Amino acid sequence: MRIVLVGPPGAGKGTQAAYLAQNLSIPHISTGDLFRANISQGTDLGKQARAYMDAGQLVPDEVTIGMAKDRMAQSDAVNGFLLDGFPRNVGQAEALDVMLKDEGVKLDAVLDLEVPEDEVVKRIAGRRICRGDSAHVFHVTYNPPKTEGVCDACGGELYQRDDDSEETVRTRLEVYHTQTEPIIDYYRVQGLVVTISALGKVADVTARAMEALKTSDEG
Ligand code: AMP
């Protein structure tokens with residue numbers, strides 16, 4: 001399957017994407033994770049992206065689209081992928097359509113994770129991420145690791161993202177409403193959007209998402 005995951009910052013896209021990708025045996029492709037990996041490796045791309053990310057703004061399309069395209073061209077993504085955080089504006093959605101058309105393939109679904117704004121702020125404030133390869137996402141209250149500060153999946157150190165500060169979160173939410181939300185209408189016209197509530201336990205949301213994807217596949 002080829003799936004796009006959308007939702008505001010803090011909706012749980014990264015958390016859900018990891019489980020859904022595993023259940024569906026497709027790679028989880030997160031442009032945010034790719035940028036963070038480039039930053040920690042000190043690449044030119046990472047240097048270009050950093051200031052935008054720290055400010056809560058989108059990294060320019062010239063940088064983002066090429067990076068996403070390179071990742072999708074890798075062999076593990078030939079038969080499907082779960083995109084998390086890409087596309088994030090209508091220009092990127094159009095570029096993705098061109099890429100898919102060139103390959104003669106189509107998206108199967110756009111999974112829209114819905115969550116109220118006050119919940120988003122609580123989720124982001126407690127979010128902790130693994131520095132290791134698993135890039136697993138935890139929450140100090142809602143999804144705590146077994147040992148504080150340590151990733152259950154790979155033993156990596158957990159940290160709080162620089163752009164999870166309150167001020168940056170406000171900017172990210174505004175960017176989501178003005179630039180990313182319009183892609184939901186863009187995909188609705190194509191009949192691809194499935195909206196689910198992202199409230200509740202992580203496993204319950206995953207089950208809800210799997211059911212919604214199954215139904216959309218049958219439909
Ligand atoms: P995320 O991990 O998906 O929350 O992304 C973190 C940050 O990376 C965003 O706030 C943006 O600055 C940048 N970013 C991730 N994906 C994209 C994208 N598709 N387009 C532009 N910027 C992005």
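Whatever order the structure lists ligands and atoms in, that order sets their numbers, starting from 1. As the structure is a computational prediction, the values presented were derived from the model and not from experiment.
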Participant: If you look at every heavy atom in Gly156 and Cys130, which pair is closest and at what distance?
Facilitator: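 Taking Gly156 first and Cys130 second, the nearest heavy atoms are CA-SG, 3.9 Å.
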Participant: Considering both backbone and side-chain atoms of Pro87, is one of its nitrogen or oxygen atoms within less than 3.5 Å of a nitrogen or oxygen in ligand 1?
Facilitator: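 It does not: no N or O of Pro87 is found under 3.5 Å from an N or O of ligand 1.
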Participant: For Glu211, is there any backbone N or O sitting under 3.5 Å from a side-chain donor or acceptor partner on Thr215?
Facilitator: yes
Participant: Under the side-chain hydrogen bond (donor to acceptor under 3.5 Å, both in side chains) rule, what pairs show up with a residue in residues 4-21, not counting sequence neighbours?
Facilitator: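 Every pair satisfying side-chain hydrogen bond (donor to acceptor under 3.5 Å, both in side chains) with a residue in residues 4-21: Gln16-Thr206.
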Participant: Considering heavy atoms of the protein only, find what lies nearest to atom 23 (C) of ligand 1 and give residue, atom and distance to 0.1 Å.
Facilitator: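 Of every protein heavy atom, Phe35 CE1, 3.7 Å lies nearest to atom 23 (C) of ligand 1.
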Participant: Arg36 to ligand 1: N or O pair under 3.5 Å?
Facilitator: yes
Participant: Say whether Ser30, considering both its backbone and side-chain N or O atoms, lies within less than 3.5 Å of an N or O atom on ligand 1.
Facilitator: no
Participant: Using 4.0 Å as the upper bound for N to carboxylate O, is an ion pair formed by Arg170 and Glu174?
Facilitator: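 Salt bridge flag = no for Arg170 with Glu174.
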Participant: What's the shortest distance from atom 7 (C) of ligand 1 to any protein heavy atom, and which residue and atom give it?
Facilitator: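 Here the closest protein heavy atom is Met53 CE, 3.7 Å.
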Participant: Using the side-chain hydrogen bond (donor to acceptor under 3.5 Å, both in side chains) rule, pick out the option among Asp61, Thr180, Thr64 that qualifies with Asn89.
Facilitator: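 In the set Asp61, Thr180, Thr64, the residue that makes a side-chain hydrogen bond (donor to acceptor under 3.5 Å, both in side chains) with Asn89 is Asp61.
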Participant: To which protein heavy atom is atom 16 (N) of ligand 1 closest, and what is the distance rounded to 0.1 Å?
Facilitator: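 Result for atom 16 (N) of ligand 1: Thr31 OG1, 2.8 Å.
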Participant: Distance alone, cut at 3.5 Å: any donor-acceptor contact between the side chains of His28 and Asp84?
Facilitator: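 Present: a donor and an acceptor within the cut-off.
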Participant: Verify whether one side chain among Thr168 and Asp163 offers a donor that lies under 3.5 Å from an acceptor in the other.
Facilitator: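 Absent: no donor and acceptor within the cut-off.
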Participant: What protein heavy atom sits nearest atom 4 (O) of ligand 1, and how far off is it?
Facilitator: Arg161 NH2, 3.1 Å
Participant: Give yes if a backbone or side-chain nitrogen or oxygen of Gly85 is under 3.5 Å from a nitrogen or oxygen of ligand 1, and no if not.
Facilitator: yes
Participant: With clusters built from Ile, Leu, Val, Met, Phe, Trp and Tyr whose side-chain heavy atoms come within less than 4.5 Å, directly or transitively, what are the remaining members of the cluster of Leu24, listed by chain and number?
Facilitator: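 Other cluster members: Met1, Ile3, Leu5, Leu20, Ile26, Leu82, Leu111, Leu113, Val194, Ile196, Val205, Met210, Leu213.
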Participant: Any atom of ligand 1 sitting under 4.0 Å from a heavy atom of Lys13?
Facilitator: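 No heavy atom of Lys13 comes that close to ligand 1.
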Participant: Taking only heavy atoms of Gln92 into account, list the atoms of ligand 1 that are under 4.0 Å away from them.
Facilitator: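 This gives 18 (C), 19 (N), 20 (N), 21 (C) as the contact atoms.
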Participant: If you look at every heavy atom in Pro9 and Val120, which pair is closest and at what distance?
Facilitator: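 Shortest heavy-atom separation between Pro9 and Val120 comes out as O-CG1, 3.0 Å.
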Participant: If you measure from atom 3 (O) of ligand 1 to every heavy atom of Arg88, Arg50, Gln57, Met67, which option wins on shortest distance?
Facilitator: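 That would be Arg88.
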Participant: Which protein heavy atom lies closest to atom 22 (N) of ligand 1, and at what distance to 0.1 Å?
Facilitator: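 The protein heavy atom lying closest is Val59 N, 3.0 Å.
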Participant: Run the numbers for me: atoms of ligand 1, each under 4.0 Å from some heavy atom of Arg172, listed by number.
Facilitator: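 Every atom of ligand 1 under 4.0 Å from some heavy atom of Arg172: 4 (O).
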Participant: Of the side chain and backbone of Thr64, name the one, both, or neither that has a heavy atom under 4.0 Å from an atom of ligand 1.
Facilitator: side chain
